[in-house]
Q: 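Handing you this structure, nothing more for now.
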Amino acid sequence: MNTLALDIGLKRIGVALCINKSMAMPLEAIIRKNRNQAANEVKKYIKDYDVNTLVVGIPLGGSSEDEMRKRIEHFISLLDFDKEVFFVDESFSSKNAQELGVVNLKKKDGKLDSLAAYLLLKDFYGLD
């Protein structure tokens, strides 16, 4: 039973994997060129890791919550994923990832985004 977490941004998508609700790890982030390319890369992760659950971050609160929710829900619809999808509050996930101090913040390589997705998984399953 594998779960994929997505921290969806306009330029990068952070990705993390949880195996059997017990072990989580960040994966290589997706650098978005366009939504179809990004959706295809997420689909590849879903297939390669036999994913049956998605945990998707939504920024709650703030002035752009409705717009971001619509964009994220539309992106998820492009995945044609017919299993469980959970939308969770991802407010402060990137800030919390920064505080771990393990990522070079000057690089825009998506490592911070995948670390944020990893933290979403840890919170979702209550992992240490």
Side-chain angles (χ1 to χ4, degrees):
M1 188 160 183
N2 295 333
T3 303
L4 199 68
L6 301 173
D7 179 27
I8 300 172
L10 298 175
K11 297 182 180 182
R12 293 172 299 281
I13 299 173
V15 185
L17 177 69
C18 185
I19 299 168
N20 295 327
K21 299 180 183 177
S22 61
M23 184 180 83
M25 66 191 109
L27 299 176
E28 187 78 24
I30 296 167
I31 307 300
R32 289 180 69 152
K33 296 173 185 76
N34 61 62
R35 75 174 59 115
N36 291 328
Q37 158 268 335
N40 287 334
E41 290 189 41
V42 172
K43 286 180 189 179
K44 183 168 176 10
Y45 274 132
I46 289 169
K47 183 175 183 252
D48 289 353
Y49 291 105
D50 193 26
V51 169
N52 52 20
T53 306
L54 290 178
V55 173
V56 182
I58 299 259
L60 298 180
S63 58
S64 63
E65 177 183 339
D66 289 337
E67 180 187 341
M68 286 306 293
R69 176 180 286 278
K70 286 177 191 168
R71 285 176 181 245
I72 290 168
E73 287 174 349
H74 174 70
F75 181 81
I76 296 303
S77 75
L78 298 175
L79 302 177
D80 300 320
F81 187 76
D82 61 355
K83 298 176 179 130
E84 286 190 298
V85 179
F86 295 93
F87 292 97
V88 299
D89 183 9
E90 64 112 36
S91 302
F92 306 112
S93 62
S94 294
K95 183 178 184 300
N96 293 342
Q98 283 179 8
E99 289 172 358
L100 294 175
V102 296
V103 175
N104 182 343
L105 300 177
K106 291 185 175 140
K107 289 186 179 179
K108 302 296 183 191
D109 56 7
K111 286 189 171 114
L112 180 66
D113 305 275
S114 286
L115 198 53
Y118 163 76
L119 293 176
L120 290 176
L121 272 180
K122 281 185 60 170
D123 287 348
F124 186 76
Y125 285 119
L127 303 174
D128 289 330

Q: Using side chain to side chain contact (heavy atoms under 4.5 Å, CB included), reason through Arg32 and Ile8 one step at a time and then give a plain yes or no.
A: CA-CA 10 Å; Arg32 289 180 69 152; Ile8 300 172; 3.7 Å; yes
Q: Can you name the nearest heavy-atom pair linking Ala29 to Gly14, along with the distance?
A: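 Reported closest heavy-atom pair: CB-CA, 4.4 Å.
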Q: Give me the atom names and distance for the closest heavy-atom approach of Gln37 to Ile31.
A: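 In terms of heavy atoms, the two residues are closest at NE2-O, 3.0 Å.
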Q: Would you say Met68 and Leu112 are hydrophobically clustered, going by side-chain heavy atoms of ILVMFWY under 4.5 Å?
A: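 Cluster IDs for Met68 and Leu112 differ.
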Q: Let me check something: do Val15 and Ile19 share a hydrophobic cluster, defined by ILVMFWY side-chain heavy atoms less than 4.5 Å apart, either directly or through other members?
A: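 Same cluster.
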Q: Working to the nearest 0.5 angstrom, can you tell me the gap between Ile46 CD1 and Leu6 CG?
A: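 One finds 7.0 Å between CD1 of Ile46 and CG of Leu6.
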Q: At their closest point, which heavy atom of Pro26 faces which heavy atom of Ser114, and how far apart are they?
A: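 Minimum heavy-atom separation between Pro26 and Ser114: CB-O, 3.7 Å.
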Q: Would you call Lys43-Asp80 a salt bridge at under 4.0 Å N-O?
A: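 Yes, Lys43 and Asp80 are salt-bridged.
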Q: Could you go through Leu27 and Leu4, starting from their C-alpha distance and side-chain angles, then the distance that decides it, and tell me whether this counts as side chain to side chain contact (heavy atoms under 4.5 Å, CB included)?
A: CA-CA 10 Å; Leu27 299 176; Leu4 199 68; 4.0 Å; yes
Q: If you apply the rule side chain to side chain contact (heavy atoms under 4.5 Å, CB included), what do you find for Glu28 with Tyr45, and how did you get there?
A: CA-CA 10 Å; Glu28 187 78 24; Tyr45 274 132; 3.3 Å; yes
Q: Just list the side-chain donor-acceptor pairs under 3.5 Å for residues 49-58, sequence neighbours left out, or say none.
A:
{"from": "Asn52", "atom 1": "OD1", "to": "Asn2", "atom 2": "N", "distance (Å)": "3.4"}

Q: CD1 of Ile76 to CZ of Phe87: how many Å apart, nearest 0.5 Å?
A: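 Output value for this atom pair is 5.5 Å.
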Q: Can you tell me how far apart CG (Asp123) and CD (Glu90) are? Round to the nearest 0.5 Å.
A: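 One finds 11.5 Å between CG of Asp123 and CD of Glu90.
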Q: Show the nearest heavy-atom pair for residues Leu78 and Ala39, with the distance to one decimal.
A: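 Distance-wise, the nearest heavy atoms are CB-CB, 4.0 Å.
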Q: Do Val85 and Leu121 land in one hydrophobic cluster if side-chain heavy atoms of ILVMFWY residues count as linked below 4.5 Å?
A: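 No; tracing contacts between hydrophobic side chains, which count when under 4.5 Å, never links both residues.
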Q: Taking a hydrophobic cluster as the set of Ile, Leu, Val, Met, Phe, Trp and Tyr residues connected by side-chain heavy atoms closer than 4.5 Å, whether directly or through intermediates, do Phe86 and Tyr125 fall within one such cluster?
A: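 Phe86 and Tyr125: one cluster.
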Q: Among residues at least two apart in sequence or on other chains, which ones pass side chain to side chain donor-acceptor pair (under 3.5 Å) with Arg71?
A: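 For Arg71 the side chain to side chain donor-acceptor pair (under 3.5 Å) partners, ignoring immediate neighbours, are Glu67.
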Q: To the nearest 0.5 Å, how far apart are CD in Glu84 and CE in Met1?
A: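 Between atom CD of Glu84 and atom CE of Met1 there are 6.0 Å.
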Q: Taking Ile72 as the starting point, is it possible to reach Leu60 by hopping between hydrophobic residues whose side chains are less than 4.5 Å apart?
A: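 Yes, same cluster.
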Q: Taking all non-hydrogen atoms of both residues into account, name the closest pair between Asn34 and Asn36 and its distance.
A: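 Smallest heavy-atom distance, with atoms named: OD1-N, 3.0 Å.
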Q: In sequence, state the C-alpha distance, the side-chain angles, and the governing distance for Ile30 and Val42, and then conclude on side chain to side chain contact (heavy atoms under 4.5 Å, CB included).
A: CA-CA 8 Å; Ile30 296 167; Val42 172; 3.4 Å; yes
Q: Might you point out which heavy atoms bring Asp113 and Ile13 nearest each other, and give the distance in Å?
A: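 Heavy atoms only, the tightest pair is CB-C, 4.4 Å.
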